[in-house]
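What follows is one structure encoded as structure tokens, with my remarks underneath.
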Amino acid sequence: ACPDGEHEHAYERRAEPIVHLTPPSRPLVWGDINIIHTTDSHGWLLGHQKASFPEPSYSGDFGDFASFVAHMKKIAEEKDVDLLLVDSGDLHDGTGLVDGFPPGGIDAHDANKFFDQLPYDVLAIGNHELYIYANALDMHLNFAPKFHGRYLSSNVNITVAGPGGTPVSVPVGSRFAKFKTRKGRKVTSLGVLFDFTGNDHNTTVQKVEDMVNEAWFADAIKEEPDFFLLVGHMPVARDKWPLVFNAVRAVHPTTPILIFGGHSHIRDCLQFDGRSIALESGRYMETVGFLSVNLDHQGSKANLTVNRRYLDPNRVTYEFHSNRRDSSFDSPQGRKITKGLQDLSNRFNLDLKFGTAPQDYTLSRDPFPSNGSLLSLIVDQVLPTALTVNNSRANIPNIIITNSGGLRFDIYAGPFTKNDQLTASPFTDAFQYIPNVPLSVAKSVLPVLNGGGNNGRRELSSAEERYARGDVDERYGNWLAEMHERAGPERRAAQNLTLGYVTQDACPGIGDDTLHTPLPFFPSPGFISSTPPTGSVDTAIDLVFVDFIASEVLKVLNGLQTTKTYTSSDVLSYTSILLNEVLGVFAQVKWN
Ligand SMILES: Nc1ccn([C@@H]2O[C@H](COP(=O)(O)O)[C@@H](O)[C@H]2O)c(=O)n1
Ligand SMILES: [Zn+2]
Ligand SMILES: [Zn+2]
């Protein structure tokens, strides 16, 4: 499959040990319309930098990605087809580049600037652009204008000072966009956010079912384009896409509809009907999605010919698909972006070392609880250590509860830096407490939180559920065997599959671009807590929790007992140390 045999070279950056990457299994299938998709990048613009698999598979940085896109645009011109670039949101929260700014800065302000150096055709807003008003305002004032009407927030508004200082509620970006492709195809595009309710004051998210009844929506979709490009921060399965899809379909029974989703951080694909396709391209720049569609059967109402591929973003992948060698791959713009990102990392001092992690701690590759579980490390060691530093309540027995979704990435053995701290735990959530909670009541809070719905944890994809059940799709096994057979003896010998994504979705054929051995996957509860102290049922303890879950904790406390009605006035500040600082504090104490 490898055109010139040049792609099996090494990943050898940043003084990491040399690691050999497997090239993609086959060339991309191009169509009349081709779309490259990113989503939930969460600041991983410097790529994944650790040496053990699967990380090197995702080692391409945003500069490499920019070079790839530039080459692909050239190939599209040579083939005389369209190539678009889209993003489905969640730019903020996730690495030092977006969270390691000095005090007083604005979250992802500096890192955002790399996005507008790429030729994005459409971008949609994510929920992580809305947790903090200042970030949403930055998107409105500084980010959206760079994309000239193509940064879409169909159902998301922000309140700003209007004429004469009167507050007005306006879309953060634009509600929709209509444009023509290079080949002259007419496109109507929306940018929809799921029914998010955790947004900051002075931002509003309209429910998807209400959005599709708006007059502007009917107007926007009235005229028939060559295809609808629905980009949105909403999982392609189990969410509100059918509402948007059906609203469009009711007016245009056969017009092609291409959907690009996000938010659930998985590789996924499905077709709502034969003339549509919905793709979701993972998270953290661990996946670049590629979708091709053949539209040019004028007048035909036949099923679309569609092809989707989930690329591992690394230079081997990029060079393979753009027919470049290492020496001819980097574009000037790509190099500039890589340098800019490294400069930003240096400016934010992201290599600052807090200590040395003695082993790997993972979020889902080890069961919870276990010695290898990051969640176990957090509740058994990190929080009990870090929260008692300089804390006058250190000697009062406590239970500390947090939501597992607040921890976002594994820790790998070796130097533990400021960037590692912020990838594992990016949120500035504060610790609060309620004093004098009877031990028996406090002990019951965690089980009720975990029994009471799915808050705090993201849903498992159907593939993850199947993996957790040990149920591996035989389609993949057969295909893998066939690829091995076709590969020939030399390649077969070289193909010791690395750990990585093994995707099972609902679209035809196999989506993964590079073959992998699947990563172990263990589900974890939505909420986790430190071990409760011993004592009698009425021992008064501090119930400590992150502010992100304060309202849920109050609700549970009031459901568990009737002696006292707990309100937000019972909630006090526990420490000045934030959730995104606890690992650094712990590492300095225990890993030095
Ligand atoms: N302050 C915060 C904000 C978010 N979370 C967690 O992130 C989840 C949403 O992340 P997506 O990338 O999937 O949009 C949310 O459900 C929380 O679990 C948090 O813990 N603290
Ligand atoms: Zn996300
Ligand atoms: Zn999200």
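For reference, positions follow the sequence shown, starting with 1. Order of listing sets the numbers, starting from 1, for every ligand and every atom in it.
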field: Minimum non-hydrogen distance to atom 17 (C) of ligand 1, winning option of F427, F194, F548
entry: F548
message: Angle between ring planes, F416 versus F354, binned at 30° and 60°: parallel, tilted or perpendicular?
response: tilted
Any donor-acceptor N or O pair under 3.5 Å, side chains D420, T417: yes
- prompt: Between H263 and D239, is any side-chain donor less than 3.5 angstrom from a side-chain acceptor?
  reply: no
- request: Measure from the Zn ion (ligand 3) to each N, O or S atom of H233 and report whether any distance is below 2.8 Å.
  value: yes
- request: Return the name of the atom in D90, of element N, O or S, nearest to the Zn ion (ligand 3).
  value: OD2
task: Would you check if the Zn ion (ligand 3) lies under 2.8 Å from any N, O or S atom of N127?
output: yes
task: Give a yes-or-no answer on whether the side chains of D366 and S373 include a donor-acceptor pair shorter than 3.5 Å.
output: no
query: Short list, please: which atoms of ligand 1 are under 4.0 Å from a heavy atom of N403?
result: 17 (C), 18 (O), 19 (C), 20 (O)
task: State, without any angle test, whether T317 and N314 hold a side-chain donor-acceptor pair at a distance under 3.5 Å.
output: yes
- prompt: So, is H263 placed with an N/O/S atom under 2.8 Å from the Zn ion (ligand 3), counting both backbone and side chain?
  reply: yes
query: Can you list the ligand 1 atoms lying under 4.0 Å from a non-hydrogen atom of H42?
result: 12 (O)
query: What class does the angle between the rings of F65 and Y318 fall in, given that below 30° is parallel, 30 to 60° is tilted and above 60° is perpendicular?
result: tilted
- prompt: From D40, does some N, O or S atom reach closer than 2.8 Å to the Zn ion (ligand 3)?
  reply: no
message: When you compare ligand 1 with H128, is there at least one nitrogen or oxygen pair between them that comes in under 3.5 angstrom?
response: yes
Heavy atom of R283, distance to ligand 1 below 4.0 Å: no
Partner of Y310 under side chain to side chain donor-acceptor pair (under 3.5 Å), chosen from D505, T503, D268: D505
- request: Assess H42: does it contribute an N, O or S atom lying under 2.8 Å from the Zn ion (ligand 2)?
  value: yes
query: At a non-hydrogen distance cut-off of under 4.0 Å, which region of D93 contacts ligand 1 (side chain, backbone, both, or neither)?
result: neither
task: Check the pair W241, F272 against ring-ring contact (aromatic ring centres under 6.0 Å, His included), reporting the backbone distance first and the verdict last.
output: CA-CA 9 Å; W241 275 119; F272 293 116; 7.9 Å; no
